[in-house]
Amino acid sequence: WMFKQGPQDPPHLPALPLIGSLLSLRSPHPPHVLFKELQDKYGPTYSLMMGSHNVIVVNQHVHAKEVLLKKGKTFAGRPRTVTTDILTRDGKDIAFGDYSATWRFHRKIVHGALCMFGEGCASIEKIICAEAQSLCSTLSEAAAVGLALDLSPELTRAVTNVICSLCFNSSYCRGDPEFEGMLRYSQGIVDTVAKDSLVDIFPWLQVFPSPDLHLLKQCVSIRDKLLQKKYAEHKADYSDHVQRDLLDALLRAKRSAENNNTAGINAESVGLSEDHVLMTVGDIFGAGVETTTTVLKWAIIYLIHYPQVQMNIQDELDSKVGRHRSPQLSDRGSLPYLEATIREVLRIRPVAPLLIPHVALSDTSIGEFTVRKGTRVVINLWSLHHDEKEWTKPELFDPGRFLNNEGTGLTIPSCSYLPFGTGVRVCLGEALAKMELFLLLSWILQRFTLSVPPGCSLPSLEGKFGVVLQPAKYRVNATPRPGWERHRCKAC
Ligand code: HEM
Ligand code: PLO
């Protein structure tokens with residue numbers, strides 16, 4: 001009764017005024033699983049009302065690619081929501097900012113800065129390897145006293161230090177109070193920012209005191225103080241001649257816009273306000289930490305569940321790298337089984353199972369369905385990655401899917417695979433994340449075999465839905481492999 005359905009409109013769920021409760025209260029399943037199941041009744045592309053918003057859910061790769069790639073610009077908008085507005089000062093960042101000249105400009109600067117540190121450059125590899133080294137030392141120390149470890153803080157520290165080097169040219173030691181604070185606020189943000197799948201279902205709820213919103217505001221304020229501090233430090237010793245990191249790159253762009261005030265292009269009008277710079281760095285820092293850490297945690301869970309996969313990777317490492325040197329980026333081509341395993345982890349547990357919602361910037365269509373300007377579009381990557389028509393036994397963890405018949409080369413067996421999205425809004429950190437995953441996992445598996453501590457049950461494969469799909473806490477034993485029994489440090 002709220003929504004007239006024409007012949008060209010996608011199938012529509014009954015417009016229950018409180019459909020939101022279907023997501024967060026009544027269904028035992030997280031949204032991505034529920035959205036996948038709803039296909040049985042409504043087909044692969046359907047729409048529903050969430051609060052006052054019309055939302056189209058896409059569960060199949062043909063329509064997903066039409067939205068992201070073919071009509072990428074038309075669907076490049078982002079919705080504004082109560083929580084992301086708090087996180088990003090009303091969308092002054094890249095990930096949650098709407099499509100605009102300012103957004104394009106920021107994306108370009110960050111892209112340029114990340115490329116500078118990118119594939120060709122040796123320094124990023126050095127930074128990651130130093131962190132891998134430090135991580136492996138911690139594992140050795142724990143192994144020496146037979147301690148089972150929650151790897152999460154150490155994995156996070158390694159990944160944080162990489163992104164810290166890129167953003168701020170700095171890093172954290174173990175136990176650094178600033179780092180501990182960051183762990184806490186970031187978890188608080190992850191837990192609260194996407195409670196309702198980033199499609200604000202009840203924006204009016206904010207007029208009531210909400211413990212989630214309160215926690216979010218608190219955490220964001222702690223984060224902002226940290227970003228502000230880094231910003232002030234950089235401004236104090238900034239020089240036009242050296243570019244140390246991403247923050248310097250943004251400061252340089254800001255300065256040159258300020259000096260170039262002539263043609264009406266000033267720093268404010270292209271959106272290089274202090275707020276924009278802070279929020280953009282906040283995005284890269286947040287995305288850089290939470291995504292890669294989450295994938296590493298999933299990868300280790302699957303390696304524990306599938307010891308044969310772990311052994312295959314170790315055999316490959318033994319024969320292609322050996323024991324006398326550490327893996328490096330140039331080994332990527334000769335370690336296809338490890339690469340296939342990383343691809344399979346990204347398939348079976350996508351970091352962002354619903355991506356970030358897109359918005360139609362003008363009247364358009366998806367397949368045969370008409371789509372009105374302002375419609376929100378949720379791409380259900382979970383459905384794409386678990387589509388029975390595209391993947392045999394989608395719930396089975398099988399790196400072999402990504403190998404050719406001889407097992408010597410990599411393939412992508414289905415078009416229904418988009419772990420980083422695609423098109424105008426494709427992930428900015430794909431290359432960086434892949435380097436980190438490869439180096440950290442290869443260093444760990446060259447030196448250790450991972451297993452559940454005696455008497456513990458296997459870690460859960462169930463994810464906790466939020467802005468990223470996180471695994472539950474678990475502990476592992478890292479047993480040194482032959483030849484790696486002793487912690488090799490100079491002091492010993
Ligand atoms: C966006 C995946 C790591 C920065 C995204 C999106 C996905 C994604 C699915 C959303 C695309 C869309 O909405 O259409 C991943 C995965 C990662 C990863 C699986 C790790 C394995 C990173 C890292 C960084 C990063 C390390 C930072 C260096 C971003 C940014 C966006 C984004 C800034 C927003 C792009 C935009 O809206 O224009 N990522 N990401 N990501 N990612 Fe990543
Ligand atoms: C993670 C918690 C941080 O404190 C803030 C932050 C910033 C950017 C977000 C990131 C969080 C979660 C993962 C996101 C990223 C932007 C792109 C990335 C949403 C909320 C993905 C996977 O889409």
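Every number for a ligand or one of its atoms is a count from 1 in the order of the listing. Quantities reported herein were computed from a predicted structural model and do not represent experimental measurements.
Shown in contact with Val190 at under 4.0 Å from a heavy atom are these atoms of ligand 2, numbered in order with element: 1 (C), 2 (C). For ligand 1, the atoms closer than 4.0 angstrom to any heavy atom of Trp103 are 38 (O). Numbered from 1 in the order shown, with element, the atoms of ligand 1 that lie under 4.0 Å from a heavy atom of Arg107 read 35 (C), 36 (C), 38 (O). Atom numbering of ligand 1 starts at 1 in the shown order; those under 4.0 Å from a heavy atom of Pro419 are 2 (C), 9 (C), 19 (C). For ligand 1 and Val295, the ligand atoms under 4.0 Å from any heavy atom of the residue are 21 (C). Counting the atoms of ligand 1 from 1 in the order shown, those under 4.0 Å from a heavy atom of Arg78 are 12 (C), 13 (O), 36 (C), 37 (O).
Using a 4.0 Å cut-off between charged side-chain N and carboxylate O, Arg89 and Asp224 make a salt bridge. With respect to Arg80 and Asp90, a salt bridge is recorded, a charged nitrogen being found less than 4.0 Å from a carboxylate O. Ion pair Asp176/Arg157 not flagged as a salt bridge, since none of the NZ, NE, NH1 or NH2 atoms sits closer than 4.0 Å to an Asp/Glu carboxylate oxygen. In summary, Glu339 and Arg343 do not engage in a salt bridge, as defined by a charged side-chain N under 4.0 Å from a carboxylate O.
Ring orientation note: the planes of Tyr302 and His305 are tilted relative to one another, at an angle of 30° to 60°. Ring planes of Trp391 and His385: perpendicular class, angle over 60° (limits at 30 and 60°).
Open room surrounds NE2 on His214; 12 or fewer heavy atoms of other groups in view lie less than 6.0 Å from it.
Looking at Thr291 against ligand 2, only its side chain comes within 4.0 Å, counting heavy atoms. Within the 4.0 Å heavy-atom criterion, the part of Ile356 lying near ligand 2 is the side chain and not the backbone.
Near-neighbour remark for atom 43 (Fe) of ligand 1: protein N, O or S atoms under 2.8 Å are Cys427 SG; waters not counted.
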Would you check, one step at a time, whether the test side-chain contact (heavy atoms from CB on, under 4.5 Å) holds for Ile342 with Lys434?
CA-CA 9 Å; Ile342 294 171; Lys434 284 179 170 165; 5.9 Å; no
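Here the options are Lys229, Arg223, Lys225, the test is salt bridge (Lys or Arg N to Asp or Glu O under 4.0 Å), and the partner is Glu178; only Lys229 passes.
The single protein non-hydrogen atom nearest to atom 26 (C) of ligand 1 is Gly288 CA, 3.7 Å, given as residue, atom name and distance. Summary of contacts: the protein heavy atom closest to atom 14 (O) of ligand 1 is His358 NE2, 2.8 Å. Atom 11 (C) of ligand 1 has its closest protein heavy atom at Arg425 O, 3.4 Å.
For the pair Glu436 and ligand 1, the shortest N or O to N or O distance does not fall below 3.5 Å.
Shown here for Leu381 and Ala352, the closest heavy-atom pair between the two residues is CD2-O, 3.9 Å.
Side-chain atoms of Ser416 and Lys389 form no donor-acceptor pair, as typed in the model, at a separation below 3.5 Å.
Using 4.0 Å as the threshold, Lys434 has no heavy atom nearer than that to any atom of ligand 1.
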